[in-house]
Colleague: 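Before I ask anything, here is the structure I am working with.
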Amino acid sequence: MYLRGSMRINDAGHLEIGGCDTVQLAQTYGTPLYVLDESMVRARCRAYRLGFEESYPDAEVLYAGKALLTTAMCRIVEQEGLSLDVVSGGELYTALAADFPAERIYFHGNNKSRQELQMAVEAGIHRVVIDNFYEIELLAEVADACAQDVSVLLRVTPGVEAHTHSYIQTGQDDSKFGFGLASGAAAQAAKRCLESGRLVLKGFHCHIGSQIFDVTSFEAAGKAMFGFLEELRCETGFVARELNLGGGLGIRYTKGDVSMDPADYAKRLGGFVKAEAEANDYPLPRILVEPGRSIVGEAGTTLYTIGSSKEIPGIRTYVAVDGGMGDNPRVALYEAKYEAMIASRAAAPLAETVSIAGKCCESGDMIIWDLEVPQWSSGDILAVFATGAYNYSMASNYNRLPRPAMLLVNEGSADIIVERERYEDLIRHDRIPLRLATSEAAPRHVRRA
Ligand code: PLP
């Protein structure tokens, strides 16, 4: 079994992460439980930074908060010297509540509200990444109302189809995001910003998708962007000082995923940008990247307790755990694949193949089809790997399941960074209108005898 980051099998034959026995963590904190390996998150942040330091010092790494954002994550990202990309008022609020420096925050999103933009402008965030014409006008109005200039990037769809699941492709012409290059919308948007009194155009952004292994897709997008920059310079004289090439670097979920080390990726991208700028005789822009998954994905593990099972002779054995699509919707959404092990029998030989089901009322609520496991029994702890990105951040209360707690583990200590939801939390926002307050109010046909 491939062990990530600080994982190891300890003398008790249990999986250990960050020096903590996962079986003990499950006993102490309950399951399902998200466990985040702090040293691995920090190592990934550093790999990006150091990779660029070597190849292209004028670079900035933004952590894409949509992958996993909590106040503790904001602190780690801040301490590692990364900037932050947020995509909603809620993410911005989280960052500000964690005292993340506003001057290192970038704000994305394809339908930011007036209220969200106002919050961003008032907080003095570094850049708003404008996605569409409606937003240009809305932001200009907000900037006017606040009597403040706002520095912006424009999100461009470079017309590149990344090799990944169609739901996480974003750079193709037919995308809900950004200004198209082919249609001329990107150039038109740039001109509109250049005419605007309050919007200060700093450069451009593109993001072609997520879980991408093929670096040539990023380079194809970069090439298209340089082509656009050069055309715009010829037409308007505008020289972009910033070029954000997005996130999207893939990680290893299963054996077939051959991921690239972030430091190598950064070095290659730095070299590529230099070469492109030189070929176009374009002044070297500041490069920005905004990785999410490749920073937190493999640092996260979800622990579950095995409960019921169902053997269908000649077909398969379903083994059910105490979580599922509520804490990890990626399997139901994208048919995502995961690796896992029975953490309480981590050293035992593999004995059979089972399928891991969640506890939600959906046949699609599966976590892993066909997982090889040792002899197991109810009460064993299952560890599902690489759940750090787009699990907690996409979690729901479907079936009114409380969301799990999250622990940050490092060198033998474990700290709760997200409390487990309680049943009281599930009804915290429910209201019973006065007219339903007594059963007398119910129409006759629904009253109990
Ligand atoms: N930037 C933008 C605009 C995105 O939409 C995303 C993810 O969808 C990211 C960055 C982060 O991508 P990833 O987590 O694949 O690195």
Side-chain angles (χ1 to χ4, degrees), residues 41 44-45 47-49 51-52 59-69 73 77 82-88 91-92 95 105-112 126-132 135 152-158 160-172 175-179 186 203-215 217-218 221-222 225 242-253 257 259-263 265-266 269 287-300 329-330 333-334 336 386-394:
V41 175
R44 292 298 179 111
C45 293
Y48 269 105
R49 269 205 304 107
F52 278 117
E60 190 172 345
V61 182
L62 288 50
Y63 167 64
K66 60 189 75 85
L68 167 65
L69 201 68
M73 256 314 286
V77 168
L82 268 55
S83 298
L84 183 65
D85 135 21
V86 299
V87 287
S88 69
E91 287 190 359
L92 177 57
I105 299 179
Y106 290 68
F107 194 8
H108 276 284
N110 71 313
N111 190 22
K112 304 176 194 78
H126 190 57
R127 300 280 182 267
V128 175
V129 185
I130 298 183
D131 193 275
N132 49 66
E135 189 182 340
V152 302
L153 302 180
L154 293 181
R155 179 167 180 168
V156 169
T157 35
V160 171
E161 278 191 31
H163 296 232
T164 189
H165 192 289
S166 61
Y167 284 13
I168 47 179
Q169 277 179 341
T170 55
Q172 70 280 14
S175 162
K176 75 169 185 173
F177 299 105
F179 299 97
F204 298 90
H205 164 277
C206 71
H207 170 77
I208 55 173
S210 201
Q211 188 59 359
I212 297 166
F213 296 109
D214 180 5
V215 186
S217 297
F218 296 113
M225 293 301 284
E242 295 173 18
L243 178 60
N244 184 332
L245 293 170
L249 188 65
I251 62 166
R252 177 188 162 130
Y253 283 102
D257 298 332
S259 59
M260 193 169 187
D261 179 63
Y265 168 74
L269 205 63
I287 319 179
L288 300 97
V289 289
E290 44 193 28
R293 192 189 307 272
S294 51
I295 289 201
V296 283
E298 292 193 66
R330 293 188 66 256
L333 263 180
Y334 313 126
T387 58
Y390 307 107
N391 272 229
Y392 170 73
S393 63
M394 285 185 155

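Order of appearance sets the numbers: ligands from 1, and atoms from 1 within every ligand. Quick caveat: nothing in here was measured; it's all calculated off a predicted structure.
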Colleague: To the nearest 0.5 angstrom, please state how far the CG atom of N110 sits from the NZ atom of K176.
Modeller: 4.0 Å
Colleague: Relative to ligand 1, is A67 under 4.0 angstrom through side chain, backbone, both or neither, heavy atoms considered?
Modeller: neither
Colleague: Report the distance from atom CG of L154 to atom CG of N244, rounding to the nearest 0.5 Å.
Modeller: 12.0 Å
Colleague: Less than 6.0 Å separating the ring centroids of H108 and H207?
Modeller: no
Colleague: Output the list of atoms in ligand 1 that are nearer than 4.0 Å to some heavy atom of D85, sorted by atom number.
Modeller: 1 (N), 10 (C)
Colleague: With heavy-atom distances below 4.0 Å as the criterion, list the atoms of ligand 1 near S210.
Modeller: 12 (O), 13 (P), 14 (O), 15 (O)
Colleague: Under the side chain to side chain contact (heavy atoms under 4.5 Å, CB included) criterion, do F218 and I212 qualify, and how do the steps go?
Modeller: CA-CA 9 Å; F218 296 113; I212 297 166; 3.8 Å; yes
Colleague: Going from CG on L269 to CE on M260, what distance comes out if it is rounded to the nearest 0.5 angstrom?
Modeller: 9.5 Å
Colleague: So is R293 polar-close to ligand 1, meaning N/O to N/O under 3.5 Å?
Modeller: yes
Colleague: Short N/O distance, under 3.5 Å, between G247 and ligand 1?
Modeller: no
Colleague: With heavy atoms of A64 as the reference, note each atom of ligand 1 found under 4.0 Å away.
Modeller: 9 (C), 10 (C), 11 (C)
Colleague: Are more than 12 heavy atoms from other residues, nucleotides or ligands located less than 6.0 Å from atom OH of Y390?
Modeller: yes
Colleague: Can you name the atoms of ligand 1, numbered from 1 with element, that are less than 4.0 Å from a heavy atom of G248?
Modeller: 12 (O), 13 (P), 15 (O), 16 (O)
Colleague: Got an N/O contact under 3.5 Å between Y390 and ligand 1?
Modeller: yes
Colleague: Ion pair present between K66 and D85, side-chain N to carboxylate O less than 4.0 angstrom?
Modeller: yes
Colleague: Do T387 and R330 pass the side chain to side chain contact (heavy atoms under 4.5 Å, CB included) test, and can you show the C-alpha distance, the side-chain angles, and the key distance before you say yes or no?
Modeller: CA-CA 9 Å; T387 58; R330 293 188 66 256; over 6 Å; no
Colleague: Run the numbers for me: atoms of ligand 1, each under 4.0 Å from some heavy atom of P291, listed by number.
Modeller: 16 (O)
Colleague: Please classify the E290 to ligand 1 contact at 4.0 Å (heavy-atom distances, strictly less than): side chain, backbone, both or neither.
Modeller: both
Colleague: Any nitrogen or oxygen of G292 lying under 3.5 Å from a nitrogen or oxygen in ligand 1? Just yes or no.
Modeller: yes
Colleague: Side chain or backbone of V87 under 4.0 Å from ligand 1, or both, or neither, by non-hydrogen atoms?
Modeller: neither
